[in-house]
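By convention in this document, chain letters (A, B, ...) are assigned in the order of the sequence lines, proteins followed by strands, and residues within each chain are numbered from 1.
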Amino acid sequence: MSKTAKNRVAVVAGKRTPFVKSFSDFKDLTALDLAQHVCANVVEGIDLNPKEIDEVIYSCVISPLLTPNLAREVVLRLGWPRHIPGWSLNKACTSSLQVAISATESIMAGKNTTILCGGVECLSSAPVPFPKRLVDTLLALQKAKSVMHKLKTLQSLNLADFIPQAPKIAEASTGLTMGEHADLMAKQNGISREAQDLFAHRSHALAAAAIKDGRFAQDIAPVPLPKSEKMVSEDNCVRLEPDMDKLRKLSPVFDRNYGTVTAGNASPLTDGASAFILMREDKAKALGYKPLGYVKDYATAAVDPNFQLLLGPVPSSYKVLKQAGMSLKDMDLIDMHEAFAAQALSVIKYFPSKEFAKEHLGSDEPIGEIDMDKLNVYGGSISIGHPFAATGGRMITRSLRELQARKKQYALLTACAAGGMGVSMILEAE
Amino acid sequence: MAQHKVIRHTVEGDGILIATFDAPEKKVNTLSPAVFQEIKETIDEAREDNVRGIIFISAKDDNFIAGADINTISDFTTAEDAAHGSSLAQQLFAEIEHLPMPTLAAINGSCLGGGTELALACTYRLLSDNPKTIMSLPEVMLGVLPGAGGTQRLPRLIGLQNSLDMLLTGKNVRGKKCHAMGLADGIAPQSQLLEHARKIMRELIDKKITRTSPAFEKLVVPKRKSKAPIYMPAMNFFLEKTRPGTELVFKKAREKVLKSTNGRYPAPLKILDVVKTGICHGAKRGYEAEAKAFGELAMTPEARSLIHIFFSTTELKKDNGTANPDAKGRTLSKVGVLGAGLMGAGISTVAMDKCKLPVRMKDMNVEALARGYNYVENVFLGQLKKKRLTSTEFPLAMGLLTTSTTYEGFKHCDIVIEAVFEDVKLKRQMIKDIEDVGGGKIIFASNTSSISIATLAAEAKHPEMIVGMHFFSPVHKMPLLEVIKWEKNTDEVVATAVELGRKMGKHVIVVNDGVGFYTTRALSPYMNEAAYLFYEGYKVEDIDKAMLDFGFPVGPLTLLDEVGIDVGGKITKIMIEAFGARMEPPAGWDAILKDNRFGRKNKRGFYTYTTEKKVVDESIYKLRPLGTPMLAANRDELQKRLSLSFINEAVLCLQEGILRSPRDGDIGAIFGLGFPPFTGGPFRYIDSVGPQLLVDQLVELSERFGKRFAPAQLLVDYAKKNLRFYPEGEKAPELPKAVRSH
């Protein structure tokens, strides 16, 4: 792709809000609030005049009922020029990577030059549906004409119908939750509890180091809290002093008898937002920007959810490397979304697997062994947290800054998603 | 048909006369004797032609009638004249009320004073749903009362409590509220106002709607608050419909007026009398009382001063602050604010609220930014609570504010307003930073309260871009902005600051550069004098009380507590540096600063701020030298020394060319420093009492207390030549006794 095009697609800026546990710091904020703050900050941060923005593409997995098209709402909220359109997409946990892909394609096709991208998740304000029977009854109540009729309609309800349904992120095609799938994968792939806890510990230790040496602060846009004199500028999921003993003591949450997935080795429910600006290279240079890096290539793929739900990154990474004519060894950094330690370790296991390559990738050659020194060098979703649609934006921004700091060239980003999907992307530094 | 200039009227097939107010070449319609004559002719013709109904409407965009032409009031030379004018208007409106055919006022935009009174005389009032549609009776703000029947018709239409609220405050009442309280009978879409007016008129003609509006019939009560106690209806019946009840309402209203005006303004008290006369002795006596009171009030010095201020502020709106009347400011698309403290956050608030401009606010750390953000949010939450904002508009209002600890996001600001500590070095650094960020294209406005702009700009690469914008705290409430221009400014820079200030809803005075400019200069000797008086042995409360009696909203020592004693100390230092000994506080003043007294902010000042009621902090007397006598209050002495310190310095500012006109001096003193409005400001005050009297008093004071009271040369010259600061126009009025006494 980049060989044929004169102009590359540049990532000129990227920011994220602090990632915080759901129902903690951001409990009084909405997805739109978070999106608004991070978008304003990323645009102001590089002194980009909003009128230069052609379009906003945004994403949210558990999308807010009242503001489903966050991209457009952000423009209106910030008082930006009214002519900037916006649209929003949902590709589960790979949403903001897909936003980057869609924006890249629009720029490569010559339709746009500057697109504000990102994703947000605010489970604290996620809609909680009423039970179906209650909704039905309330509707019937409106139609009921007489008082008697109304009373009769109400009579059909019992107390249990008033308990709202907690949102459960279960796969529609398999009926199992993500965590149950992760537990299953651990069993199928022989990933031990100890290995998972060690992986989680590694994630926390690396993230803690990145916080301590100020790397994350470069990415973070502080968020003012409503009706308080507080502004949140730090993540709160990362354990700054991770302790293996504590991780070992946690009980499994999904399969209580035989499971190995715990709250410690899975990504937590998280609130947060990310935003980044993609711009055609010549425009970025003309405006005097030094891009963080460029989108080199990308690929999406999927596996049968009934096989192993979270293995999507294996085929998508295979595909992107092949497309770009590169090998895993060419990658200086690998940023793999850590939904669960069990999932990450499964992906790591199948990257070098010849059998898997033969059976699922139609290739004799596997992708190759992952060099652990290159993988998630600043932690991942287990430690930093995982606001579903925001994670991709975090990965793009951080991996490019990391490449810059290390004076390295290429990063492979990959993430799994519901439905057995995977997205991989190769980024290159200036 | 007589040749009408303002009212066009047409009658169509349905026999309804449409009288359209459209004053030529004016933005708003006003009422004057000539317009009254046109109205008279219109209704005479309507009667002759037997039209079936009359609709009054305006052709202006956002205005029905803006009330009487103020010149009409100031043109009256005697109380009898004015009373006669009032009764003529009353007669005309009574004629409208008693026409055989129904009348309807179709109101879009502002409907003020006489406009509201005309509407009150109509059978039906239909408002447009334009958010700018408001009704009010603001006469009290000009020191008079509604003299065309307003004090009589309003209470009968909307009840005693609601009408006193409108009459005594002069406040604007928005469309929906008008409808809720029965002042308006209906609301129609703006684009179809006339169409709906016709439809309603036909119903009125066919008697489908009767003369009496529903509000007339049922008991009108103040808008029910959700938390109103259950006995409210009964309570309101008592207050509105029974004799002891109305007596109680009048008593409470009088107490409130006396408290808020300190008895300084006769108009609200007269309004209470006139309304009461109408209620107790019937409409005829009421109208007579109204006309008589209007005549008396129109001649009072208070009304003359308030009307003078009204004219001055109107004139001020045409002044762009430069010598070139065609100079225009920049179109602004983004404002930067440095410093997220009270001032910075306040400035951000008004830029967002009034100008709808995006604001980028910077401070050193997120904690400061968070406090600033919270300050802005609280102002908008207040508006939300008062329903001035809807819950949809609230996040949009806040969306204009972004914050940063760096200069990211400042490059595209058209103007940056600095509100950091009063420190030359720090402010110069800000200037340099902004020059670097914007390459000299950004206007830099300093919210300094004392340092001269020339000093701040001494090291600047683009000195022409640096201007002063001196705001007053709390910014969203205080109505004044002092713009400080200096020799190097381009006209565009000055005009931009002036236009921005005006869009922020401020009265903008433009002064020339100099340490302390005008407002801080005028205030400094005044505050110092309060300190001298304190050291001589006067009591804190007596010093403050004297100036409250003079007409200031707060006393000087209370003001010092509010501003911050430490801040005052810093400013004093700068003032002494520039003006020498006459700005020095009394010996021993340091003791107060050293006693860790900063005023309200650390709850330690002249008053304690620990209890609900403000009490003097008795321990402060120990900071005076041993043997300081306890002097009894001597109001004349206190008022004379304090007011003359202020006034003399104001004249010095004019003499030195800091002030460009006495008008700016008066507006600045009244709206920025609380100088009593009924005096018309320090310069008009001098005109009233005569410069010679003040020179004599100053000479006497300088003999007693030294050079700080040396009269300004300009004042001496004016006294010698018997000149006046406002030479044209009628004689300045005599002042109320309490102020004249010394």
Side-chain angles (χ1 to χ4, degrees), chain A residues 12-13 15 17-18 25 28-53 64 66-67 70 72-82 125 217-218 220-234 275 277 287-289, chain B residues 333-336 340-341 345 348 351-353 355-363 365-382 384-385 391-414 436-439 441-442:
Chain A
V12 290
K15 289 272 180 185
T17 67
D25 290 344
D28 296 324
L29 292 168
T30 65
L32 178 54
D33 293 334
L34 293 177
Q36 167 200 335
H37 286 303
V38 79
C39 287
N41 205 296
V42 76
V43 169
E44 296 277 1
I46 57 163
D47 285 294
L48 178 67
N49 193 329
K51 73 175 185 209
E52 301 285 346
I53 301 170
L66 299 177
T67 52
L70 288 164
R72 177 63 175 157
E73 302 303 337
V74 162
V75 172
L76 299 177
R77 268 263 182 116
L78 291 171
W80 284 352
R82 296 305 200 234
S125 65
Q218 302 173 331
I220 288 181
V223 173
L225 297 182
K227 298 181 191 176
S228 93
E229 291 192 349
K230 270 192 206 139
M231 219 177 256
V232 182
S233 53
E234 282 165 9
I277 298 166
L287 289 176
Y289 293 127
Chain B
S333 59
K334 188 177 183 184
V335 175
S348 303
M352 293 157 63
D353 184 23
C355 314
K356 310 288 176 221
L357 282 167
V359 172
R360 185 76 170 162
M361 183 165 75
K362 179 187 175 296
D363 208 311
N365 51 52
V366 281
E367 288 76 22
L369 286 176
R371 278 191 296 275
Y373 189 91
N374 185 242
Y375 179 95
V376 177
E377 189 185 37
N378 278 335
V379 174
F380 286 115
L381 281 172
L384 186 67
K385 211 173 162 191
S391 54
T392 310
E393 290 163 340
F394 172 75
L396 296 172
M398 281 307 290
L400 293 172
L401 179 64
T402 63
T403 61
S404 173
T405 53
T406 69
Y407 285 104
E408 285 176 354
F410 278 81
K411 194 175 169 185
H412 297 295
C413 290
D414 303 292
D436 290 348
V437 168
K441 287 186 193 145
I442 302 174

Report task. Determine the sole option in V366(B), T405(B), T403(B), L369(B) for which the side chain to side chain contact (heavy atoms under 4.5 Å, CB included) test with P222(A) is passed. Result -> V366(B)
Query - Heavy-atom contact with chain A under 4.5 Å, split by part of K356(B) - result: neither
Query - Nearest-0.5 Å distance, CZ of residue R77(A) to CE of residue M398(B) - result: 10.5 Å
Report summary line: Looking only at L32(A), L78(A), D47(A), most heavy-atom pairs under 4.5 Å shared with chain B are made by D47(A)
Query raised in the report: If we only count heavy atoms from C-beta on, is the E44(A) to K334(B) side-chain gap below 4.5 Å?
Result: yes
Query raised in the report: Given a strict heavy-atom distance threshold of 4.5 Å, which part of P395(B) is in contact with chain A: side chain, backbone, both, or neither?
Result: both
Report summary line: In short, A40(A) meets T402(B) closest at the heavy-atom pair CB-CG2, 3.5 Å
Report summary line: Most heavy-atom pairs under 4.5 Å with chain B, out of A221(A), P224(A), S233(A), belong to P224(A)
**Report entry** Pairwise distance CG(N41(A)) to CD(E408(B)) - rounded to 0.5 angstrom
**Finding:** 7.0 Å
Query raised in the report: Which heavy atom in G399(B) sits nearest to a heavy atom in Q36(A), and how many Å separate them?
Result: CA-NE2, 3.5 Å
Query raised in the report: Which atoms of S404(B) come close to chain A, meaning under 4.5 Å heavy atom to heavy atom: side chain ones, backbone ones, both, or neither?
Result: neither
Query raised in the report: Do you know the tightest heavy-atom contact between L48(A) and H412(B)?
Result: C-CD2, 4.4 Å
Requested in this report: Kindly give the heavy-atom pair with the smallest separation between P226(A) and E377(B), and that separation in Å.
Outcome: CA-OE2, 3.3 Å
Requested in this report: Below 4.5 Å from any heavy atom of chain A, which atoms of F410(B) appear? Answer side chain, backbone, both or neither.
Outcome: backbone
